Amino acid sequence: GFWSSLAFWRSLSAAALALAALLVFIQVQPVPQAQTLVASLAADDSDVRYVVVYDALSRDVGLNHLSGHRAEGKDFELWVIEKGKAPISAGIIAVGSQIHMTMPEDLARKVAAGAVLAISLEPGGGSPTGQPTGPVVAAGELLST
């Protein structure tokens, strides 16, 4: 009968072996882990305070504005600074208490390598030179959570 069929048992064994191989393969593959970094951006001579939560997997920068104002006609600009190198703009920070920006891929690599974040006060529309022209009103290092 059915239970004595050699073809049945061979098919069942092959299916079980394929399933076992699939489970081993799934267990061996690394699962990308979301690395979350956090920074408190502040400066001694400024009342501007931000808390930054950075998700390295999605490159999402969450900026929570805690205190301080931007002057009329001015913008806050976010900078990524590698040790010993010139700052690179990550963009203008929109007005609001909770802002999200996407970190450009080239800057995300710098952040992963230990770059710090800084915020400068710039003319409306951002720095006209590609480098900070106004005072740095907040800065801080991203730390693993």
Side-chain angles (χ1 to χ4, degrees), residues 6-145:
L6 184 58
F8 168 75
W9 290 109
R10 283 183 179 169
S11 298
L12 185 62
S13 296
L17 183 61
L19 180 61
L22 179 64
L23 290 175
V24 167
F25 178 76
I26 290 171
Q27 292 296 324
V28 171
Q29 293 300 311
V31 177
Q33 297 293 320
Q35 182 181 12
T36 303
L37 304 173
V38 178
S40 174
L41 305 184
D44 291 338
D45 56 349
S46 171
D47 65 345
V48 176
R49 304 277 187 273
Y50 275 87
V51 171
V52 177
V53 178
Y54 175 66
D55 181 336
L57 189 60
S58 66
R59 299 187 340 256
D60 178 67
V61 181
L63 294 137
N64 297 299
H65 187 203
L66 303 178
S67 66
H69 311 106
R70 59 185 89 201
E72 183 78 27
K74 301 283 187 174
D75 278 321
F76 288 142
E77 190 163 351
L78 181 64
W79 301 89
V80 174
I81 307 170
E82 286 183 287
K83 189 172 186 172
K85 296 188 179 180
I88 301 172
S89 176
I92 301 299
I93 301 172
V95 175
S97 60
Q98 293 184 335
I99 305 300
H100 285 271
M101 302 169 63
T102 299
M103 183 72 68
E105 198 168 322
D106 60 325
L107 294 182
R109 285 191 292 274
K110 295 176 187 314
V111 168
V116 298
L117 299 180
I119 297 173
S120 66
L121 184 62
E122 299 295 336
S127 171
T129 67
Q131 292 297 303
T133 59
V136 173
V137 294
E141 182 180 353
L142 286 160
L143 305 170
S144 295
T145 57

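The model shown is predicted, which means the values in this text are computed figures rather than measured ones. Atom set for the values below is all heavy atoms of this structure, side chains included, hydrogens, waters and symmetry mates excluded. Quick note: residue numbers are just sequence positions, from 1.
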Check this for me: His69, atom NE2, are more than 12 non-hydrogen atoms of other residues, nucleotides or ligands nearer than 6.0 Å? no
Of the non-hydrogen atoms in Ser58 and Thr102, which two are nearest, and what is the gap between them? O-CG2, 4.4 Å
Exercise: identify the closest heavy-atom pair between Ile92 and Gly126: CD1-CA, 3.2 Å
Pick out which of Val38, Leu117, Leu78, Ile119 makes a side-chain contact (heavy atoms from CB on, under 4.5 Å) with Val52. Leu117
Among Glu122, Glu77, Gln131, which residue satisfies the side chain to side chain donor-acceptor pair (under 3.5 Å) criterion with Ser89? Glu77
Please lay out, stage by stage, how His65 and Ile99 fare under the test side chain to side chain contact (heavy atoms under 4.5 Å, CB included). CA-CA 8 Å; His65 187 203; Ile99 305 300; over 6 Å; no
To the closest 0.5 Å, what do you measure between CG (Asp47) and CG (Leu66)? 11.5 Å
Which class fits the ring pair Phe76 and Tyr50: parallel under 30°, tilted 30 to 60°, perpendicular over 60°? perpendicular
Suppose we screen for ring pair (Phe, Tyr, Trp, His ring centres under 6.0 Å). Which residues come up paired with Tyr54, at least two apart in sequence or across chains? none
Rounded at 0.5 Å granularity, tell me how far CG in Leu121 sits from OG in Ser127. 11.5 Å
Just by distance, do the side chain of Arg59 and the backbone of Met103 share a donor-acceptor pair under 3.5 Å? yes
Working to the nearest 0.5 Å, report the span between OG of Ser120 and CG of Asp75. 10.0 Å
Locate the shortest heavy-atom distance separating Val137 from Ala43; write the atom from each residue and the value. O-CB, 3.5 Å
Please walk me through it: do Leu37 and Ser144 pass side chain to side chain contact (heavy atoms under 4.5 Å, CB included)? CA-CA 5 Å; Leu37 304 173; Ser144 295; 3.6 Å; yes
Work out which heavy atom in Glu141 is nearest to a heavy atom in Ala39; give both atom names and the distance. O-CB, 3.4 Å
Quick one: OG1 on Thr36 to CG on Asp60, what's the gap to the nearest 0.5 Å? 10.0 Å
Taking all atoms of both residues into account, what is the closest heavy-atom pair of Ser46 and Val48, and its distance? OG-N, 3.1 Å
